[in-house]
Structures are given as C-alpha cells and as structure tokens.
Amino acid sequence: MAPTHVLRCCQRGLAWIPVIFIALVVCWSYYAYVVELCVLTIPSIGEKIVYLIFFHISFILFVWSYFKTIFTQPANPSKEFCLPKAEKERYEKEGRPESQQEILWRAATSLPLYTRTGAGAIRYCDRCQVIKPDRCHHCSACDMCVLKMDHHCPWVNNCVGFSNYKFFILFLAYSLVYCLFIAATVLQYFIKFWTLCRRKSAENCPKNELPDSHAKFHVLFLFFVAAMFCISILSLFSYHLWLVGKNRSTIEAFRAPVFRSGSDKNGFSLGFRKNMAQVFGDQKKYWLLPVFTSQGDGLTFPARLVNAADVEQAAVTLQSEPSKSADEIPVSPVTEAQNRLLSNDQHANNIGDHQANHILKPAESETITISMEGGS
C-alpha cells in the first residue's frame with residue numbers, strides 16, 4: 001500500500017513539470033520584453049508606452065485564462081447517477097453481464113440518458129461506480145469521470161471538460177495573441193540585431209543603430225520562442241474552433257457517440273450559432289472573458305436526432321401500443337431541428353420496453369485518456 005501511495009505522489013509531482021516549464025518561459029518572456037526590449041533597447045518613449053500597454057493587456061488575459069484552465073476542478077457526475085446501495089450490492093454480486101445490464105437498465109429509467117456503448121448497453125464506470133451521463137468519460141490520469149470530457153492536457157495538468165473548456169479555448173486564443181504580438185513587435189529589432197550588430201565591438205555598428213549588448217540575445221531568443229509557440233498553438237487553436245463549431249469533443253471526433261438509432265458524429269450539433277453559445281454562453285459581452293458562461297449543467301445536452309413531429313408520434317405510439325418495442329419506433333435524423341430528445345417520461349417507457357424485449361451485451365469498458373501534445 002505504501003509503495004503505491006508513494007508512486008502516486010511522485011506521479012502527481014512529475015505531472016506539474018510541463019506547467020512549471022510554461023510558467024518559467026512566460027516569466028522569462030515578460031522580463032525579456034519589458035526590461036530588455038522596452039526599457040533598455042527601444043529609444044522612443046512613445047513606442048515604449050504603446051508596446052507596454054498592449055503587451056500587458058494580452059499578458060493579463062493570457063495568464064488569467066491559463067490559471068482558470070489549470071485550477072478549475074473538472075465537473076463530475078451527480079449523485080443521481082450513482083446506483084442505490086441495494087442495486088450496487090446486487091450489481092457487484094451478480095456474475096452474469098446480462099443480469100448486470102438489467103440492473104443498470106432499471107436504474108437508468110429515471111435518468112436522462114440517450115447515448116450507449118458500441119454494443120448498445122448502458123455506459124457504466126466500474127472504477128467510479130457511476131452510470132456515465134451523455135458525453136462523460138473516465139480519465140485515468142485524473143482517476144475520475146469527467147463531464148463532457150475533451151482530453152487530458154499535460155500542459156495544464158488538468159482534464160479539459162465541461163467546467164473549463166471555455167477557459168481552455170481562451171487560453172489558446174490569448175496565448176496565440178501573446179506570441180503574435182511579441183513576434184510582430186520584436187521583429188524589427190531582431191533584424192537589426194541579426195544583420196547590423198553581429199560584431200563584438202559596438203563601435204563597428206553604424207550610427208543611430210542599436211549597440212551590441214546582452215539584450216541582443218534576449219531579443220533573438222524571444223523572437224524564435226514566440227514564433228515557435230505561435231505555429232504550434234495556431235494549429236491546435238484552429239482544430240478546437242472547428243470542434244466548437246461542430247459541437248464535438250476531441251473524443252467524439254475520433255469516435256462518434258452512439259444513440260438508440262445508431263452512431264452519429266453530428267448528433268449534438270445544433271448549428272454553428274447554438275454550438276458556439278453552448279460553450280461561450282448567450283451573452284456575447286462575456287465571450288472573451290475567462291468567466292464561466294457555458295450553457296447547461298454538463299449532465300444533459302440537446303441533440304438533433306429527432307424533431308417535434310417524431311416526438312409527438314413516439315408519444316402517441318407508446319400510449320396506444322405499450323407492448324411495442326422502442327426500437328420499432330422510427331427515428332430519423334434531421335438537419336434543421338434543434339430539439340431535445342424524448343422527455344424523461346417517454347425515455348423511461350422506451351427503456352422499460354427495451355429491457356423487456358432485449359438482453360444487451362455486457363457494457364464495454366471505457367477508460368479514456370487523450371493527451372494533446374504540442375500546444376495544449
């Protein structure tokens with residue numbers, strides 16, 4: 001027990017190394033830009049003031065969003081998704097997967113669940129001992145189930161999910177702005193240092209040019225580091241903007257969610273505007289601030305798999321033909337409808353009918369950790 005505990009503490013300590021590295025790079029970039037470039041190198045007072053104002057605005061927003069991404073606790077499933085004590089004991093004692101699935105189906109009748117495993121079974125986490133809400137996955141690095149999990153990012157030492165996905169997007173955006181601003185404003189001095197002041201003695205430099213000092217090395221490295229990070233962050237930021245526009249997580253981009261009617265990679269897409277609002281909120285004045293404004297509770301999400309006519313038809317069918325299987329009710333995807341799936345009452349009837357007519361295969365284990373390398 002003791003060696004395992006020590007090993008886990010060491011792993012948690014080592015996980016902070018990428019964050020410490022980024023923090024050191026950011027601190028050095030602040031010193032190199034403010035002190036070595038603006039204070040000691042740039043001769044014009046007006047240019048210094050303008051550069052320092054815009055630099056500190058981008059710096060504050062960048063650090064603020066990075067801090068929120070790191071220290072925002074990932075959201076977990078609520079207690080209603082835990083099995084009751086009696087059902088949990090029965091589940092643990094039951095040896096047959098089919099019987100375990102029957103227990104899960106009964107417990108799921110009161111839950112707003114619309115996604116399944118690849119085999120059509122209830123998504124259950126044996127590690128956390130909870131029924132997984134839609135878009136929820138287990139992160140082995142954090143050792144917990146995370147609502148709307150996107151990926152585990154080593155550069156923030158945290159799981160990116162429902163509670164901090166907006167912060168993560170803003171972190172990418174402001175880090176890109178930060179690097180672009182540094183690279184653009186340092187470029188002219190980088191060229192001067194690189195082309196005109198390569199000799200050891202400052203007296204060999206042409207008049208009205210910058211002297212050869214230790215600031216040269218800070219400026220040169222500052223430009224290279226900013227350009228390098230800018231290229232890597234740009235690709236990652238573009239990819240996540242595309243995911244937001246499609247209303248997909250990184251996990252769902254690799255494996256489409258499975259609904260009762262089958263897998264659908266666009267099952268949660270409600271159109272570009274509503275997809276953006278689901279992450280950034282309804283009030284656009286808060287979109288660019290690292291404050292939580294995302295819609296919903298992370299447990300349920302609107303989907304586009306059925307339209308209003310399908311819901312009404314399904315309700316009539318369930319009332320008039322209670323013995324009919326839920327799988328026989330036609331459900332067709334639509335492109336313009338942006339409604340929720342069947343209500344909880346209708347969903348409970350579907351699960352009851354489904355349980356009575358079908359014995360599902362055992363639930364597949366879904367323990368997922370995705371680490372985004374390069375810029376996240």
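Taking the ring centroids of H137 and H151, they lie at or beyond the 6.0 Å cut-off.
Remark: S29 OG to F229 CZ distance equals 9.5 Å, nearest 0.5 Å. Taking CZ from F167 and OH from Y66, the interatomic distance works out to 15.5 Å, rounded to the nearest 0.5 Å. Atom CG in N76 sits 8.0 Å away from atom SG in C136 (nearest 0.5 Å).
A cation-pi geometry, defined here as NZ or CZ lying under 6.0 Å from the six-membered ring centre and within 45° of its normal, holds between R135 and F301.
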Inset, instruction - I would like to know whether N157 and R12 meet side-chain hydrogen bond (donor to acceptor under 3.5 Å, both in side chains); could you show each step before the answer? - result: CA-CA 9 Å; N157 190 29; R12 291 179 179 177; over 6 Å; no
Legend entry - Evaluation steps, ring pair (Phe, Tyr, Trp, His ring centres under 6.0 Å), between H218 and F223: CA-CA 9 Å; H218 287 283; F223 178 80; over 10 Å; no
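Remark: side-chain polar atoms of Q100 are paired, donor with acceptor, to backbone N or O of E94 under 3.5 angstrom. Side-chain atoms of N275 never come within 3.5 Å of backbone atoms of S269 as a donor-acceptor pair (strictly under, hydrogens ignored).
At a threshold of 4.5 Å between side-chain heavy atoms, the hydrophobic network of Ile, Leu, Val, Met, Phe, Trp and Tyr places V63 and I20 in one connected group. Both M276 and L288 belong to a single network of hydrophobic side chains, linked directly or stepwise wherever heavy atoms of I, L, V, M, F, W or Y lie under 4.5 Å apart. Residues F292 and L299 share a hydrophobic cluster, clusters being chains of Ile/Leu/Val/Met/Phe/Trp/Tyr side chains in contact below 4.5 Å. Linking ILVMFWY residues whenever their side-chain heavy atoms come closer than 4.5 Å, directly or via other members, leaves I231 and L222 in distinct clusters.
Ring orientation note: the planes of F67 and F71 are tilted relative to one another, at an angle of 30° to 60°.
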